[in-house]
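In what follows, a structure is listed as structure tokens, so that the remarks can point back to it.
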Amino acid sequence: MNRAASKEDTLHWTYDGKNGYIGQTKWYTLKNSQCGGKRQSPIDIQTNKLVLMKSLEIEYKGYYKPLRNPYVENNGHTVQLMSSDKKNLPMITGSALDNQVYKFVQAHFHWGVRNGFGSEHKINGRAFALELHLVHVNTKYKTLEEALGNPDGLAVLAVLYKVSRKINPYIRPLMRNTAKVTYSLERKAIREPIVLRNLLPPKPKPFMKYYGSLTTPPCSEVVTWIVFRDIASIGIKQENVFRQKRGEVIDEKTGKFKRIGNNFRTVNDLNGRKVYISSS
Ligand SMILES: [Zn+2]
């Protein structure tokens with residue numbers, strides 16, 4: 001996932017570490033970083049090692065109606081969907097989230113420059129073209145900063161997408177607006193309805209759960225991860241919209257901002273952690 005980036009963070013780190021930036025193999029050296037910790041994300045999920053836990057459930061509130069005052073923003077590392085209405089945000093709760101109540105903060109994407117990679121999580125060693133993260137903060141904390149200091153601070157729903165020849169009509173309104181935020185810090189209010197359920201895969205169950213971290217610096221170990229087992233699909237033309245996005249790194253040859261491309265972190269050791277799966 002990618003937390004709301006402050007200007008200072010965006011100046012220091014990138015994924016590839018080129019042009020004098022700090023790349024992911026060195027993220028652990030950043031200030032207040034937990035990137036070298038033992039509960040890091042993403043991971044490669046081995047389906048033959050999943051632990052079945054039939055009691056795992058997620059309750060969705062506000063996921064079936066349009067998000068109020070939605071907008072998209074290019075933050076230089078990804079494209080982010082947010083709501084400027086801080087009062088009526090969608091929520092998730094339930095046993096899968098240890099009965100804590102989490103409210104929606106933002107959703108954003110990780111992608112690759114080609115179809116065979118781009119996702120952060122892998123399943124049995126396989127990566128997917130795109131991964132969506134729906135980030136939620138535990139409502140028992142007053143601020144995002146406070147949540148980032150607690151092991152149950154955040155919950156993230158992760159959706160893996162594979163590329164298809166057919167466009168996905170459910171994500172069309174989001175993609176139309178994503179096409180309009182090419183450069184870093186560009187923002188666009190969305191006039192069409194955005195329903196979060198439409199961004200999830202067709203089958204919301206089964207899902208997998210484990211305890212991990214943010215996947216961008218400072219890699220705080222505060223995230224309850226939910227990864228859907230069903231794989232969603234995105235049209236190749238829609239996927240290419242992401243590949244046009246430009247970040248804050250300037251290409252020395254052309255003098256233009258470089259494309260974001262390959263904004264995913266590599267997988268981390270489980271270090272003894274268990275990954276659970278819900279019933280179907
Ligand atoms: Zn992310």
Side-chain angles (χ1 to χ4, degrees), residues 1-6 9-10 12-16 22-24 27 30 33-35 37 39-45 72-83 90 92 97 102-113 117-123 127-138 144 147-148 153-162 171 174-175 178 181 184 196 199-201 207-228 231-232 234 239 241-243 245 247-248 260-268 275:
M1 67 151 280
N2 193 298
R3 90 193 163 90
S6 74
D9 294 327
T10 62
H12 289 110
W13 66 265
T14 60
Y15 288 92
D16 63 16
I22 295 169
Q24 52 179 306
W27 284 356
L30 289 163
S33 169
Q34 292 182 34
C35 301
R39 150 183 180 183
Q40 289 291 295
S41 296
I43 56 166
D44 180 11
I45 296 170
V72 275
E73 184 178 69
N74 176 337
N75 70 9
H77 294 299
T78 185
V79 174
Q80 203 160 279
L81 166 70
M82 299 181 86
S83 163
I92 50 173
L97 302 163
Y102 292 86
K103 77 175 175 208
F104 178 74
V105 182
Q106 46 98 342
H108 63 268
F109 293 87
H110 301 268
W111 62 86
V113 297
F117 50 85
S119 68
E120 299 214 292
H121 288 92
K122 291 181 172 179
I123 296 185
F128 296 84
L130 182 73
E131 181 165 339
L132 164 65
H133 290 159
L134 296 131
V135 181
H136 302 73
V137 61
N138 194 325
L144 195 56
L148 286 170
L154 301 181
V156 181
L157 306 181
V159 185
L160 298 164
Y161 282 81
K162 62 174 185 236
I171 61 170
L174 178 61
M175 295 314 301
T178 296
V181 290
S184 185
L196 293 185
L199 308 181
L200 304 185
F207 57 79
M208 297 160 294
K209 171 204 173 159
Y210 77 97
Y211 297 106
S213 73
L214 303 186
T215 65
T216 57
C219 309
S220 315
E221 297 185 326
V222 301
V223 182
T224 302
W225 279 95
I226 302 290
V227 182
F228 295 101
I231 308 298
I234 180 167
E239 173 83 9
V241 168
F242 289 113
R243 294 172 178 157
K245 301 300 110 183
E248 297 190 340
I260 292 175
N262 297 339
N263 57 354
F264 58 92
R265 188 184 191 195
T266 55
V267 294
N268 295 270
V275 184

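When a ligand or atom number is given, it counts from 1 through the structure's own listing order.
The Zn ion (ligand 1) sits nearest to atom NE2 when only the N, O or S atoms of H108 are considered. Of all the N, O or S atoms in H133, the one closest to the Zn ion (ligand 1) is ND1. Of all the N, O or S atoms in H110, the one closest to the Zn ion (ligand 1) is NE2.
Take Q34 and apply the side-chain hydrogen bond (donor to acceptor under 3.5 Å, both in side chains) test, not counting sequence neighbours, and it matches no residue. Take D44 and apply the side-chain hydrogen bond (donor to acceptor under 3.5 Å, both in side chains) test, not counting sequence neighbours, and it matches Q46.
A side-chain hydrogen bond (donor to acceptor under 3.5 Å, both in side chains) with H110 is found for exactly one of E120, R265, E131, H121, namely E120.
The closest side-chain heavy-atom distance from H77 to W13 is below 4.5 Å.
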